[in-house]
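When a ligand or atom number is given, it counts from 1 through the structure's own listing order. Since the structure is predicted, the reported quantities are computational estimates derived from the model, not experimental observations.
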Amino acid sequence: MSAYGHFDDVGREFVITRPDTPLPWLNYLGQDDFFGLCTNTAGGYTFWRDAKLRRITRYRYNNVPMDAGGRYLYVRDESGSDPVVWNPGWKPVKTPLDEYRCHVGLGYTDIVGVKDGVEVRQRMFVPPGEDTEVWHVTVGNRSQDARSLRLFSFVEFAFYEAQNDATNLQRTMSIGEVQVEGSAIYHVTEYRERRDHYTLFGCTSDVDGFDTSREAFVGVHEGMHEARVPFAGRATGSVARGWNPVGSHEVAIDLAPGESRELAFVLAYVQQPEPKFVEPSAARPLGVNTSAGEAILAQYSQPGAVDDAFTRLRDYWDARLSAFQGRTPDEHATRMLNTWNQYQCMATFNLSRSASLFETGIGRGMGFRDSNQDILGFVHMIPERARQRILDIAATQLSDGACFHQYQPLTKKGNADVGGDFYDDHLWLVLSTTAYLKETGDASILSEPCSFADVAPTDAAVPTVTLLDHLETSIAYTLAKRGPHGLPLIGHADWNDCLNLNCFSTEPNESFQLAGDVEGSTAESVMIAGLFLHASQEMIAMYHHLGREDDARRMQAGYDEMLAVLETQAWDGEWYTRAFDADGSPVGSHVNDEGKIYIESQGWAVLGGAGLTNGRARRALDSVAEHLATENGIVLQQPAYTRYHLELGEITSYPPGVKENGGIFCHNNSWIHLAHCLLGDGDRAFEYYLSVCPSAKQAQIDTYRLEPYVYAQTIDGKDSPTFGQAKNSWLTGTAAWTFVVLSQGILGVKPDYAGLRIDPCIPAGWDSFEVTRRFRGSTFHITVHNPDGVCSGVRQVLVDGAPADGSTLPVPDEPRTVEVQVTLG
Ligand code: BGC
Ligand code: NOJ
């Protein structure tokens with residue numbers, strides 16, 4: 001509970017109870033191809049597959065006021081002598097409401113506004129498998145008097161290619177076209193030439209008017225809060241020609257006391273089958289064949305259709321989340337695990353880092369590194385989609401092992417727009433693929449043909465490349481690209497995009513992400529060494545499973561050699577160093593004056609198996625506790641950089657305590673949590689988890705500021721005057737990794753080749769917990785008892801009442817429910 005709302009754990013909602021949240025709080029609509037960003041005041045936009053190439057409605061980022069533009073309903077109450085105009089979501093008019101609620105749900109946002117006894121509910125969602133956003137609108141008269149209302153809908157259309165739409169005004173101001181057919185508004189800009197798609201904005205009820213020109217509806221000098229039409233009271237019937245096409249319907253609603261009325265608006269991306277055109281007529285003045293759009297509107301005009309679609313959405317999410325449900329003694333962990341963390345994993349899987357309130361949809365597409373990690377938190381929900389995604393990502397790798405750092409979801413082609421030569425990228429493919437293998441047991445993915453991006457797949461002279469070839473190429477790439485200490489070269493950067501050891505940028509007009517040249521550089525990364533160790537452990541386990549013992553031995557030799565290098569070259573005395581710069585000087589060492597200790601190399605060294613026999617793992621984690629941990633999470637390094645270090649790049653460009661410069665980067669916190677789990681320290685792991693858990697931030701929400709239901713990428717660190725303030729929520733690797741922390745590290749339910757391995761690492765104070773896990777067709781109902789108050793160690797496992805041999809639960813031949821009782825001690 002906070003001043004702004006509360007969790008409804010049974011209904012799986014966060015209910016926002018006042019519209020003026022510290023920042024706009026976001027939700028996503030859509031789960032397959034059609035997506036919407038929707039804020040708690042109905043702001044946001046929609047796109048199909050690709051927020052850059054198929055933008056359907058407009059949004060102006062970083063606007064004043066913040067979050068302007070969206071799915072607006074203007075209510076004009078003409079019952080009194082002076083008409084009152086208001087919005088159920090408060091914005092844009094901001095007429096004070098008598099009641100306001102925004103139910104943030106799974107795939108839907110339900111906004112309820114009440115003014116002078118009139119209640120308007122606007123429930124927005126995208127039914128599973130469809131390219132249609134539905135707004136289910138209910139208008140009720142709770143008062144004792146008859147009421148006379150007019151409803152005006154409003155969206156502003158984008159011309160699909162979002163960058164062009166926002167910048168190439170000399171063209172875009174001339175091309176806009178619409179075709180209006182009754183209550184259906186079709187946005188058909190560019191349809192005449194190369195597009196075979198248009199946008200439908202329709203209303204399921206008869207309308208009393210419409211507008212399609214922004215200038216007519218809003219005005220030229222007006223803002224959306226004073227839009228002309230709702231204040232004037234009548235639609236103008238404008239038909240946009242050029243300028244800025246919008247969609248708006250006018251619906252008159254008269255209600256007796258206690259009466260209510262329902263209607264729906266649909267916003268659909270429609271691919272029109274041939275013929276594209278029909279004979280122009282009064283009804284279809286541009287001759288656009290809109291039959292496919294008409295069918296959608298007709299479908300949703302059937303009684304019950306909207307409710308059925310919403311039920312399908314509910315069922316969809318119940319089915320997805322039933323793959324993992326748990327009950328722990330901690331309410332924050334339980335609700336994040338069961339609902340919000342998994343929900344956020346779906347968003348990161350679908351959108352990578354492309355479109356949020358911090359990512360504009362035109363800057364970044366699907367990240368190679370990012371999307372591989374996203375699979376770790378998603379694969380249990382829809383393994384088939386994870387399978388396809390792994391193959392799509394792998395296909396953007398080049399034959400020498402290098403990767404395009406990102407690709408556009410629409411074309412699936414890699415591009416270098418955000419830079420390249422990140423020498424960690426390829427290794428994350430090993431983690432995603434082995435996670436898929438352990439989840440599903442489906443080894444066929446390894447022999448799936450999957451070409452390299454620079455090899456024509458049809459060239460008969462070239463042997464078929466498989467996914468396994470990609471993994472082996474990735475391992476070989478790291479082994480080959482090493483520096484003077486024998487550690488992996490860092491390239492442009494590793495996971496930490498801002499540690500740019502080959503950038504040396506003195507030019508204010510260049511992007512750190514694109515500057516510099518890695519050719520011939522010898523700067524090395526200790527984090528990549530740790531990641532390599534972990535990836536090779538995964539490869540070794542995979543080879544054993546496949547019965548390829550020679551390959552396992554070969555891989556083991558590579559592992560042993562890298563481990564020896566890391567232990568001899570990268571131990572700084574109390575922690576692992578972070579890197580060696582282009583001059584061969586250490587980064588993240590006691591010899592540095594700033595940035596003496598970094599988080600990433602401590603996490604990855606331990607996760608890669610370093611320091612386990614010589615006490616260094618524990619020492620390194622103690623150093624993290626001593627120098628980096630705070631009550632709001634673990635900061636990235638200390639001391640934060642106070643000046644620009646040319647040899648380190650973007651990391652030293654941020655103010656101290658912010659983002660990669662001493663900020664709390666929640667994503668890498670999870671590696672420390674997992675490292676503690678590996679050492680059996682459940683108290684520390686869980687205490688750290690709670691320090692970044694958004695549900696636990698409600699008491700300090702005015703400092704934290706962002707959504708309490710999803711993880712943020714960063715929280716300002718102790719060197720910042722705004723310590724504890726979160727930024728960049730939703731699209732962050734924190735989602736997937738924290739789900740791994742909770743489900744596999746702490747609760748210890750680990751998918752493995754031979755079955756489900758049970759290896760919890762919990763706070764000693766937990767006396768029991770439960771997990772229901774769907775795994776390869778069967779459902780495991782697991783109860784873990786902790787009579788001796790330990791953190792880890794499995795004393796006994798009973799499967800269907802009988803003592804089990806070891807703690808890996810085999811998968812039954814025929815799918816069924818398996819009852820498992822585990823006792824720690
Ligand atoms: C940010 C990084 C991000 C990178 C991507 C940098 O400015 O600090 O977090 O990964 O940009 O382009
Ligand atoms: C955000 C990027 O999406 C991710 O790939 C990167 O690892 C982190 N920033 C750290 O710089």
Next item on the list: Just let me know how Phe512 lines up against ligand 1, side chain, backbone, both or neither, with a heavy-atom cut-off below 4.0 Å.
Entry: neither

Residue and atom name of the nearest protein heavy atom (relative to [atom]), distance in Å to one decimal:
atom: atom 7 (O) of ligand 1; result: Glu650 OE2, 2.4 Å
atom: atom 1 (C) of ligand 2; result: Gln713 NE2, 3.3 Å
atom: atom 4 (C) of ligand 2; result: Asp370 OD1, 3.3 Å
atom: atom 11 (O) of ligand 2; result: Glu660 OE2, 2.5 Å
atom: atom 7 (O) of ligand 2; result: Trp495 O, 2.5 Å
atom: atom 10 (O) of ligand 1; result: Asp497 OD2, 2.5 Å

Indicate yes or no for a side-chain donor-acceptor contact from [X] to the backbone of [Y] under 3.5 Å, with no hydrogens or angles considered.
X: Ser352; Y: Ser354; value: no
X: Ser432; Y: Leu429; value: yes
X: Gln397; Y: Gly401; value: yes
X: Thr734; Y: His667; value: yes

Checklist line | Test item, Lys659 contacting ligand 2 (heavy atom, 4.0 angstrom) | finding: no

Note to self: For the aromatic rings, using the six-membered ring if either is Trp, is the centroid distance between Trp730 and Trp25 under 6.0 Å?
What the structure shows: no

Notebook entry, point to check: Hey, what's the ring geometry for His676 with Tyr688, parallel, tilted or perpendicular (30° and 60° as the breaks)?
Noted result: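 Plane angle over 60°, so perpendicular.
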
Next item on the list: Specify whether His380 and Phe739 have parallel, tilted or perpendicular ring planes, treating 30° as the upper limit for parallel and 60° as the lower limit for perpendicular.
Entry: parallel

Note to self: Could you go through Phe368 and His405, starting from their C-alpha distance and side-chain angles, then the distance that decides it, and tell me whether this counts as ring pair (Phe, Tyr, Trp, His ring centres under 6.0 Å)?
What the structure shows: CA-CA 5 Å; Phe368 193 101; His405 197 47; 8.3 Å; no

Check ligand 1 against [X] and write out every atom of the ligand that is under 4.0 Å from a heavy-atom position of the residue.
X: Gln713; result: 9 (O)
X: Arg364; result: 5 (C), 10 (O)
X: Tyr654; result: 1 (C), 6 (C), 7 (O), 8 (O)
X: Lys659; result: 1 (C), 2 (C), 8 (O), 9 (O)

Element-labelled atoms of ligand 2 that are located less than 4.0 Å from some non-hydrogen atom of [X]:
X: Asn496; answer: 11 (O)
X: Arg364; answer: 2 (C), 3 (O)
X: Phe665; answer: 8 (C), 9 (N), 10 (C)
X: Arg369; answer: 4 (C), 5 (O), 6 (C), 7 (O)

Item checked: Reference residue Trp495; test ring pair (Phe, Tyr, Trp, His ring centres under 6.0 Å); the match among Trp604, Phe422, Tyr423, Trp671 -> Trp671

Check: Relative to atom 12 (O) of ligand 1, which among Glu660, Gln513, Arg353 owns the nearest non-hydrogen atom?
Finding: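 Selected option, by shortest heavy-atom distance: Gln513.
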
Notebook entry, point to check: Within a strict 4.5 Å, meaning less than it, do heavy atoms of the Tyr59 and Asp67 side chains meet?
Noted result: yes

Item checked: Test log, rule ring pair (Phe, Tyr, Trp, His ring centres under 6.0 Å), inputs Tyr709 and Trp340 -> CA-CA 6 Å; Tyr709 41 90; Trp340 300 98; 5.3 Å; yes

Check: What part of His667 sits under 4.0 Å from ligand 2 if we count only heavy atoms: the side chain, the backbone, both or neither?
Finding: neither

